[in-house]
Amino acid sequence: MKLVKEIDSFEPKDIFECGQCFRWNREENGSYTGVFSDCVLNVEKCEGNIVFNGNENVTEEKINEYFDLNRDYSKIKKELSKVDNNLLEATNFGSGIRILNQDLWETIISFIISANNNIPRIKGIIEKISKKYGKEIKFNEKSYYEFPTPKELSKATVEDLKNLGLGFRDVRVYETTQMINSKEFDLDELYTLDTKQAQEKLLTLSGVGPKVADCILLFSTLKRFDVFPIDVWVRRVMNDLYIHEQDEKKLNKNYIRKIADTKFGTLEGMAQQYLFYWKREQSA
DNA sequence: CCCCAGGTCGTCA
DNA sequence: TGACGACATGGG
């Protein structure tokens, strides 16, 4: 299928390289190709329009949902840019960011793998998992692979996972997969909980701590903006911009979170993403 | 050889 | 609670 849309606040590079997703890759012409659910899709910006080119499973409805097209990002940026000059600059820099509605299960496993890891390697591991345990999809003569279902991934032993290069995360991915596949952990229940409760429930999964839980809440279909994932980059940018005191407070996550709460309010998750992308691209 | 990467977990005070 | 080291792997 092919679809052309005029969309405000939509820049492929900003969306796919702001750290929220791991299955999108840049093509030579600057477009991006990726896989979500059973869809393979190429996204390109041409003279202000967004061109979507995908396999037969892609529909406009799925695109609207996945790319969060029913949300007014101009309004969010306007709101955040009123906070201070830092956010003004950060939202201008990443003005084409949209927070994707990614599959909850896939997001959980992806961010467990992200722990103490770097983005290129995270992408490589997820690709290997998909290739080995997910269904093949053909698109333009090439093979792509769906991210495996819990049932499909539950066939992987700890040893299998280790061989894919997961490092010390092999046991955690294994245990969490078993918990979800057996329904001991109910994914659907998360949607019924408020953010705080959902956070606590996510923490019961193996390999999910505060940072990973917040990323899951922010980047999946759970879509909570009232979280503030703190990793090394966010800590760095928050220290640089807002904390000019002793080293003790600089290292304190709760202190950073409190500043984020009071400054950014219920949009703190969005603020985090603009700041993360801004800071990381600058030092790249 | 070092250090680092979208941290979590177990342990110990 | 809060600090601290271990934990695999690959790239710079």
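A, B, ... follow the sequence lines: proteins, then strands. Residue 1 opens every chain.
In this structure, A:Ile125 atom CD1 and C:dG10 atom C1' are separated by 10 Å, rounded to whole Å. Between the CH2 atom of A:Trp233 and the C1' atom of B:dA5 there is a distance of 9 Å, rounded to whole Å. A:Asn252 places its CG atom 7 Å from the P atom of C:dG2, with the value rounded to the nearest Å. Atom CG of A:Asp214 and atom C1' of B:dT8 are 14 Å apart (whole Å). One can place CD1 of A:Ile122 at 11 Å from C1' of B:dG7, the figure rounded to the nearest angstrom. Atoms NZ (A:Lys123) and P (C:dT9) sit 22 Å apart, rounded to a whole Å. Nucleotide B:dC9 holds its P atom 16 Å from the CG atom of A:Asn117, rounded to whole Å. Atom P of nucleotide C:dA6 and atom CZ of A:Arg169 are separated by 17 Å, given to the nearest angstrom.
A donor-acceptor pair is defined here as one N or O able to donate and one able to accept, closer than 3.5 Å; no such pair exists between the side chain of A:Arg26 and the backbone of A:Ser31.
Each of A:Ser206 and A:Arg121 was assigned the nucleotide of DNA chain B with the nearest heavy atom; the assignment lying further toward the 5' end belongs to A:Arg121.
Checking C:dG2, B:dA5, C:dC7 against every side-chain atom of A:Arg236, the shortest atom distance belongs to B:dA5. You'll find that the side chain of A:Asn118 is closest to C:dG10, out of B:dG7, C:dG2, C:dG10. Across C:dA8, B:dT8, C:dG10, the shortest atom-to-atom separation from the side chain of A:Phe168 is found for C:dA8.
When heavy atoms are screened at a 4.0 angstrom cut-off, A:Phe219 is found touching base atoms of the nucleic acid. A:Cys21 comes within 4.0 angstrom of nothing in the nucleic acid, heavy atoms only. At the heavy-atom level, A:Val234 lies under 4.0 Å from base atoms of the strands shown. Residue A:Glu175 is classed as having no contact, given no heavy-atom separation below 4.0 Å to the nucleic acid. Counting any heavy atom pair closer than 4.0 Å across all strands shown, A:Leu205 reaches sugar-phosphate atoms only and no base atom. Heavy atoms of A:Gly207 sit under 4.0 angstrom from primed sugar atoms or phosphate atoms, though from no base atom. In this structure, A:Pro120 reaches neither bases nor backbone, as no heavy-atom distance under 4.0 Å exists between it and the strands shown.
A distance of about 23 Å separates the C1' atoms of B:dT8 and C:dG11, rounded to the whole Å.
Ring pair A:Tyr277/A:Phe93: centre-to-centre distance below 6.0 Å. In this structure, A:Phe52 has its ring center under 6.0 Å from that of A:Phe67. Under the 6.0 Å cut-off for aromatic ring centres, A:Phe219 and A:Phe111 qualify, their centroids lying closer than that.
No option in A:Trp24, A:Phe16, A:Phe10 other than A:Phe16 meets the ring pair (Phe, Tyr, Trp, His ring centres under 6.0 Å) test with A:Tyr32.
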